[in-house]
Structure formats: C-alpha cells, structure tokens
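Okay, structure first, notes after.
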Amino acid sequence: MDRFDIRGGVRLAGELTIKGSKNAALPMMTATLLTSEPVILRDVPDLADIRNMHRLLGELGCTVEYTASDDIEAPGGVMRMQATDETISHARYEVVRTMRASISTLGPMLARRGAARVSLPGGCAIGERPVDLHLRGLTALGADITLDSGDIIARIPRVGGKRGRLRGARVFMGGPFGSTVLGTANVMAAATLAEGTTVIECAACEPEIVDMANLLIAMGARIEGAGSPRITVHGVSELGGVDYRVMPDRIEAGTYMCAAAITGGDLTLHNCPADSLMAHMDRLQQMGVTLQYGSNLPTADLMRARCRVCASVPGGRLLPVEATTQPHPGFPTDLQAQLMAVACLADGNSVITERIFTERFLHVAELSRMGAQLYRQGPTVIVSGVPRLKGAPVMASDLRASACLVLAGLAAEGTTVVNRVYHLDRGYERMDERLRALGADVVRVSEKEAAV
Ligand code: EPZ
C-alpha cells in the first residue's frame, strides 16, 4: 500500500481549484437508476469511491463511461451513464462493503424497478452507522422491507397482479444524532416517482442534498424546500435525462484551508463553495486566519467563489478554538479531524466535540505520536496546543483522519510517514501532487518502491 513521506515546515503558498464534490456525486450517480435516458455529470472527481460506484452501477445494468481530465487544476471529469438493463437489482456485499454510499442505490432502484436487493452495509472505522432511518422512510412510502442473508430486500407490493408504485407519505428523517444525509437523498429520490406527495420532515439540510434535488429537478422531478428541514416532493410518472455540473467539494476546500492555517501559508482557492463552509471559516477566523471570499456576493456566486486563506500571524501562533460538530449549517464532522490538527499547534487549549459520529477519533492516538497533547473525555477532546509537532510514522484507517495526519505532517519538524494512503485516495484527488504544487515536500512512495 502506498504511503506519503512528508518533510514538514514549508509554508504553503499558491492557488488551486477545488474539485467536484465526492459526497454530492455519489448519490447523484445513482439517479441514473431513475430513468432510461442518459445522465451526464460534470466535475466528477477521479477518486476510488467514485470508481466503486461506477463499478456498482455497471453491475446494476447501467453503461458508465468516465472521461477523466489530465489537467490537475480541472474540477473533475465527465461521467456519462445510462440504465440499459433494468432486470438486475442486486447490490452485492463485495461492492457495498467497500463503500457505504452504495446504500444510495436502494431508493432509486426500488422506485423505478419495483424491487431492490442491497447488501446491508456493516459498521466502519468511524462507528456503527445504521441505516434504520433509510428503511423506515422507504417503508412509509409503501415498500415491503425484509432482511435475508445480510441483504436488504425491498419490494413495492403488486396491485391487482400489476407492478405497483410507491405512495407519497409524511416521512420523518431525524435520528439521535441529527438528520441522515444519505437517508434523505434515498427517500427524496424514491419519492420523485411515487404516486402523490411526500413530505420529508427533519430532512438533512446539507448542500449535497440541495445539489441532488437540483439534479432531480433538472430531470423533471417536482421538489420544493431542499436545504430546509422540510422537503416536499410531488411524484411524477417518469424522469428524463440530464447534463449537470456537480457542486465543488466543501470538505476538500475546508481541508486545504486547514493546510494554509497549519503551515502559516497563503492560499487562493478557486471554485470554492464558501457559502457551504461558513461554520468552518468562522472557526478558522476565530483562530486568527484571514479569509477573503467576497462575502457580499450573491449566494450562487459564493458556491463557486475565489477564496484567499492567509494564516501568517506575524511572529505568533494561532489562537485556540472551540468546535462542536453538528448537522449543516453547523461545523461538519468531516472537518473535525483536520481542525484538530490545526488546534494542536495553537497557543492555548482548544475544545473539540464530536456529536455526529461519537467514535470518530482515530486520529487522536496518531497525533499523540507526533507530540500533540490531547485528552479525550467521551465525545470531547481537549487539545493543549504545543509549539511544534515532531514527524513520526503514522496511520489511520479513515479518510478524514488520514487527511488530518497529512496536515500535521506538513507542519511537523522532520519526516512524517503517513501509511496506507488509499484511505486518502478515496476522498482527495492527487493530494500529493496538489500539495507539491503549493510548495510542500511530499512524496508518494508506492508499495513496490517501498519494498525495494
Ligand atoms: C454522509 O454519510 C457522508 N457520506 C459522510 O461523509 C458524512 O460524515 C455524514 O453524511 C454526516 O455529514 C456521504 O455523503 C457519502 P448520516 P451518511 O446518515 O449519510 C446516524 C466522509 O468522510 N444514522 O447523515 O451515511 C449516523 O449513525 C463521509 O466523506 C442513524 O442513526 O451519514 C450518524 O450518527 C464519512 N440511522 C448520523 O445519523 C440511519 O439510518 C448522521 O449520519 C442513518 C444515520
């Protein structure tokens, strides 16, 4: 497995273009299952999770063609998809276990094909991750759902011997840790083809849900209220094809903001979804980072803004911070680990609390190996800032925890070896090359090279 060797201490400077969003693109790809017409998505990043979804849709009777862009600064490639065989509706465990977003095939497949069999995703490195809310929502729309051999088997009951349709209903998507993002996407997608009106209460408000709703609307769906806790979907009998540009990745943007912050750098991000990053930018500003993003621009422009992140605090260190993860528009769980890396070097005690995935702390022990002073009490970590981190071999079996370790390595004295970067490759396209272009001393060492 590849690793990154990072020699820290270089102040990052320069410009980069944010890629299309992985977490928006994954459920959007499954919208292909809702129509027999072509679905074209632009700005799709070239990532392992996207390739897994590509493979899964192939197994579910879709033709899928991805044209990657050679330009490292392009926001992504073009994905052309079309459902040509609607008889196979089994998302197998072998694919689902590599990528939990596979659960997003359930709603679309059920709504259009009348039946779906999707392997139940197991737990993962960041926690248990149940899908009960997805199943409850689809059941409320009239699906019959059972479990067999670890698979979810969903069917729309037949009416008078004929294939039935889902029925609009009032569905509640809130759980003990907030609304479910992929659950909302699943139910919203299924409801587009239901008979009658569906009202999704306590819907996830994440920008990826808004982007998904806009894609479905462009396909002919009738959806109101996406981005608010109540989404109304008036079912239609058919959806058509679409050509759509995926929103930029707010988590990638937030991570590069942290890279500027932790190295005292000065970066300009293009195609930056600043409007979706207000809580994160607020935390960084509290720490003393300067952010310029044309705050007076209309919202639509702020989703693809030019954003300058400058963290050179003359002769000083960043200030400590308090951050608690919350559903959007609160501070996102997907940036908790990265902000913690920055807090490790702040001048004072920071308090970071994880409320969405309460076990999402794989990075804590690894940061400690680099000299960070961290004290965990349940869902809260007190970060007692130190003047410097020291390079060390580290590893984390989670995407964002790995990003956190890369950030720590960029600032640490000496060499940090981040092992098993395939986790990073699931969510950050060519991160080593992109960091090098900004001045970082990062080398990817392939497994083969490492063995020599
Ligand atoms: C999405 O996962 C993202 N994944 C995650 O990004 C992100 O961390 C998460 O939303 C929260 O923002 C994709 O978009 C592909 P949830 P999702 O259902 O939808 C509980 C990354 O690093 N819950 O919103 O699967 C759940 O356990 C990743 O890119 C239930 O209780 O997350 C959690 O505590 C990882 N029952 C909370 O809700 C359910 O049926 C939110 O999870 C579903 C979820």
Side-chain angles (χ1 to χ4, degrees), residues 27 30-37 39 56-57 59-62 81-92 96 102-120 131-173 180 182-203 212-213 215-217 219-226 230-242:
T30 69
T32 307
L33 298 164
L34 288 165
T35 174
S36 57
E37 293 185 16
V39 171
L56 177 56
L57 289 177
E59 290 196 7
L60 297 175
C62 303
M81 299 164 287
Q82 187 163 14
T84 48
D85 177 355
E86 299 189 320
T87 58
I88 325 144
S89 299
H90 185 187
R92 297 178 307 118
V96 174
S102 310
I103 188 73
S104 310
T105 57
L106 182 62
M109 210 150 50
L110 174 69
R112 166 103 184 156
R113 302 183 181 181
R117 182 175 186 128
V118 177
S119 173
L120 194 59
V131 293
D132 55 313
L133 298 169
H134 300 236
L135 304 189
R136 245 181 30 207
L138 295 173
T139 305
L141 296 184
D144 244 351
I145 298 189
T146 51
L147 290 182
D148 182 32
S149 314
D151 289 346
I152 302 161
I153 302 185
R155 278 196 197 90
I156 305 178
R158 295 177 82 80
V159 183
K162 283 205 212 135
R163 203 160 103 189
R165 270 174 84 186
L166 291 172
R167 285 185 320 268
R170 198 166 277 268
V171 179
F172 187 79
M173 295 309 290
T180 160
L182 290 180
T184 300
N186 238 333
V187 172
M188 180 170 71
T192 59
L193 291 180
E195 206 169 341
T197 297
T198 298
V199 180
I200 307 174
E201 300 283 6
C202 206
M212 173 87 175
L215 169 87
L216 294 170
I217 291 168
M219 293 171 74
R222 291 178 56 214
I223 302 174
E224 294 150 15
R230 176 180 292 157
I231 299 178
T232 305
V233 185
H234 304 286
V236 296
S237 54
E238 246 182 19
L239 295 178
V242 71

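Numbering starts at 1 and runs along the sequence shown. Keep in mind that what you see is a predicted model, and the values were worked out from it rather than measured. Just so you know, these numbers use all the heavy atoms, side chains as well, and skip hydrogens, waters and symmetry mates.
- Within 6.0 Å of CZ in R165 there are more than 12 heavy atoms belonging to other residues, nucleotides or ligands.
- When every heavy atom of L216 is checked against every heavy atom of A189, the shortest pair comes out as CD1-CA, 4.1 Å.
- Separating the CG atom in L166 from the OG1 atom in T139 is a distance of 10.0 Å, to the nearest 0.5 Å.
- Taking each heavy atom of T105 and A91 in turn, the nearest pair found is OG1-CB, 4.1 Å.
- Residues meeting the side chain to side chain donor-acceptor pair (under 3.5 Å) test with R117, sequence neighbours left out: D151.
- Annotation: salt bridge (Lys or Arg N to Asp or Glu O under 4.0 Å) contacts of R170 (sequence neighbours excluded): E201.
- Note: N186 CG to T180 OG1 = 8.5 Å, rounded to the nearest 0.5 Å.
- In this structure, E37 contributes its side chain and G240 its backbone to no donor-acceptor pair below 3.5 Å.
- The shortest non-hydrogen separation linking T30 to S104 is OG1-O, 3.3 Å.
- Here S119 contributes atom OG and H90 contributes atom NE2; the two are 6.5 Å apart, rounded to the nearest 0.5 Å.
- Shown here for P157 and G142, the closest heavy-atom pair between the two residues is CD-O, 3.2 Å.
- Taking 4.5 Å as the limit, every side-chain heavy atom of L182 sits out of range of all side-chain heavy atoms of V131.
- The CG atom of L193 sits 11.0 Å away from atom CG of L33, with the distance rounded to the nearest 0.5 Å.
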Check residues 108-116 and write down every donor-acceptor pair under 3.5 Å in which the side-chain atom is one partner and the other belongs to a residue at least two apart or another chain.
residue	atom	partner	partner atom	Å
R112	NE	E86	OE1	3.4
R112	NE	E86	OE2	2.8
R112	NH2	E86	OE1	3.2
R112	NH2	E86	OE2	3.3
R113	NH1	L60	O	3.0
R113	NH1	I88	O	2.6
R113	NH2	L60	O	2.9

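- More than 12 heavy atoms of other residues, nucleotides or ligands sit less than 6.0 Å from atom CD of E59.
- Annotation: the span from L34 atom CG to T192 atom OG1 amounts to 5.0 Å, rounded to 0.5 Å.
- Between A154 and I145, the closest heavy-atom pair is CB-CG1, 4.0 Å.
- T198 contributes atom OG1, which lies 11.5 Å from atom CE of M188 (distance to the nearest 0.5 angstrom).
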task = Would you please test I156 and R163 for side-chain contact (heavy atoms from CB on, under 4.5 Å) and show each step?
result = CA-CA 8 Å; I156 305 178; R163 203 160 103 189; over 6 Å; no
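- Closest approach of H134 to V187, counting heavy atoms only: O-CG2, 4.4 Å.
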request  = Test D148 against T146 for side-chain contact (heavy atoms from CB on, under 4.5 Å), laying out the working first.
outcome  = CA-CA 7 Å; D148 182 32; T146 51; 5.6 Å; no
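- Here the options are M81, M219, Q82, the test is side-chain contact (heavy atoms from CB on, under 4.5 Å), and the partner is T35; only M219 passes.
- When side chains are defined from C-beta on, T197 counts as touching T232, because their heavy atoms get closer than 4.5 Å.
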